[in-house]
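Computed from heavy atoms alone, side chains included, the values below leave out hydrogens, waters and symmetry copies. In what follows, chains carry the letters A, B, and so on, assigned in the order in which the sequence lines appear, proteins first and then strands, with residues in each chain numbered from 1.
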Number of protein chains: 2
Amino acid sequence: MTGQVRTVDGRVAGRRGQATRQKLLDCLGEMLSTSPYRDVKVIDVARKAGTSPATFYQYFPDVEGAVLELAEEMAKEGANLTDLVADRSWAGKSGAAASEDLVEGFLSFWRKHDAILRVVDLGAAEGDKRFYKIRMKILNSVTNSLTDAVKEQQAKGRIDDDLNPGAIAGSLVAMLAAVAAHQKGFQSWGVKQADLRPSLSWLVHLGVTGRKPPK
Amino acid sequence: MTGQVRTVDGRVAGRRGQATRQKLLDCLGEMLSTSPYRDVKVIDVARKAGTSPATFYQYFPDVEGAVLELAEEMAKEGANLTDLVADRSWAGKSGAAASEDLVEGFLSFWRKHDAILRVVDLGAAEGDKRFYKIRMKILNSVTNSLTDAVKEQQAKGRIDDDLNPGAIAGSLVAMLAAVAAHQKGFQSWGVKQADLRPSLSWLVHLGVTGRKPPK
DNA sequence: ACTTGTCCTGTCATGCCGTCAGCTTACCGA
DNA sequence: TCGGTAAGCTGACGGCATGACAGGACAAGT
């Protein structure tokens, strides 16, 4: 399905080529987590990977292209986030557990991939469709599942029918993503990591069911 | 209080100098809203302002320095956002109005300054303290007021005392900022602009008071 | 007109970008 | 074993942004 990995000039990459390519990606990922996106230079990535800039351009059109590749990899893993919401009951205690698991899964995923997610967020916010698509891919599955959950609660009359389930779910997911992105920020603010999770779960539960979780 | 505007090499800027400086800032702001941050070059800004790159470097150490300046300007305006929350009653109908006004004010502020706010967000997420400080300055006033509101509700027993008011307020504000940043994203997703506001107000009201707003 | 201090620009060294031709290496069939 | 072929890599180059400087243009006061 993925076809073959190809160089910019159309050749198919063999074992060695794929290895160099991967090494470049790894080094890029590392650089992104240690220096600002704007300052990541092709030459630095190449040097770090023990190769020349020209080699970089054989596999990627530019830095952005390589970042997109990294992001795609991550998005595949992110698809698993659906499992955090799908087929979960939002009633009673299990509802509380559902929101807690969702929050926990989200935060740890973000912590793991924070460097690339920052760049993806920026690209998406700047209107780049390719980045936006990737962001969707990650958030969409969660959002859709959450949307269904909200609809169910609407059917039970717990949430006003005038409210758009997609808007609620989307806002909640955006909240999770934003808080996750600024996790470090919160703590230098006096809010401890440990205080964050319960509050988020509480908010998510409220948003989905319209009710506070049981103690 | 701000003292005098100074050039990089320490001279004080006169009338003409300040005008050029401001023109450069304006042009930079414009560029930021039309092209990706990573691609904004000093030479383009200078050309757009009808001057030379050397002039740019007389007033700013680099592009980032100029962006910081723009951000500071914006932050001053953002301080007014406090008025949206301070001294508001969260009881009954007026509580519903409070959350609506907050959401509306927030979204429009973000819409107005989206280009710079994107960069500030990125800088803050990347851990740059200067950007983080600015982000705080804007969000802090709102967050603090919201925190107080949450505390009041806690005193009335409507919100679990175990929850950290700062974490709740911070999360809500993060949600507003995130949704505002991706306003355009939502609509290409099938969620209309008009659906967003009521859902957000509903969530904010729920988060602050623990109760649904009256119809 | 002269002086003073502000303001702008021409120019230059440096370093990164992105591309190409050409060299080396690995694989494969005869 | 031995070419042949395609993959893989790099040195080198023109082009452009960066950032520094010194000197010229300009306005304002005397």
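Between His182(B) and Phe186(B), the ring center distance fails the sub-6.0 Å criterion.
Below 30°, between 30° and 60°, or above 60°: for Phe106(B) and Trp110(B) the angle between ring planes is below 30°, a parallel geometry.
For dT10(D), one of the phosphate oxygens OP1 or OP2 lies less than 4.0 angstrom from a side-chain nitrogen or oxygen of Thr55(A). Phosphate contact (OP1/OP2 of dC27(C), side-chain N/O of Arg15(A), threshold under 4.0 Å): present. For the pair Thr7(A) and dG8(D), the criterion of a side-chain N or O lying under 4.0 Å from OP1 or OP2 is not met. Note on Thr20(B): a side-chain N or O is less than 4.0 Å away from OP1 or OP2 of dC8(C).
With dC27(C), dG18(C), dC9(D) as the choices, the nucleotide that has an atom nearest any side-chain atom of Tyr57(A) turns out to be dG18(C). For Val12(A), the listed nucleotide lying nearest its side chain is dA7(D); candidates were dA7(D), dG8(D), dC20(C). Out of dC8(C), dC17(C), dG8(D), the shortest distance to the side chain of Ile43(A) is found at dC17(C). Out of dC16(C), dT18(D), dT10(D), the shortest distance to the side chain of Lys41(B) is found at dT18(D). Closest to the Val42(A) side chain, of the nucleotides dG8(D), dG18(C), dT10(D), is dG18(C). Looking at the side chain of Arg47(A), the nearest of the listed nucleotides dT19(C), dT9(C), dC16(C) is dC16(C). Looking at the side chain of Tyr59(A), the nearest of the listed nucleotides dC9(D), dC8(C), dT19(C) is dC9(D).
Remark: Asp9(A) CG is packed, more than 12 non-hydrogen atoms of other residues, nucleotides or ligands lying under 6.0 Å away.
In this structure, Phe56(A) places its CZ atom 17 Å from P of dC20(C), rounding to the nearest Å. The separation between Arg38(A) atom CZ and dA17(D) atom P is 13 Å, rounded to whole Å. For the pair Leu24(A) CG and dG18(C) C1', the interatomic distance rounds to 15 Å; values are reported in whole Å. The distance between atom CG of Asp39(A) and atom P of dC17(C), rounded to the nearest whole Å, is 11 Å. The interatomic distance linking Gln18(A) (CD) with dA26(C) (P) rounds to 17 Å, in whole Å. Protein atom CG of Asp62(B) is 10 Å distant from nucleotide atom P of dT18(D), rounded to whole Å. Distance, Gln58(B) CD to dA20(D) P: 12 Å, rounded to whole Å. Distance Asp44(B) CG to dT18(D) C1': 13 Å, rounded to the nearest Å.
For the 3.5 Å distance criterion, the side chains of His205(B) and Glu100(B) fail to qualify, holding no donor opposite an acceptor. Counted by atom type alone, Ser201(B) and Ser99(B) present zero donor-acceptor pairs between their side chains at under 3.5 Å.
Thr51(B) has its side chain out of reach of Phe56(B): every pair of non-hydrogen atoms, C-beta onward, lies at least 4.5 Å apart.
Note on Arg16(A): only backbone sugar-phosphate atoms sit closer than 4.0 angstrom, heavy atoms only; bases stay farther off.
Annotation: of the two residues near DNA chain C, Gly50(B) and Arg11(A), the 5′-most nearest-nucleotide partner is Gly50(B).
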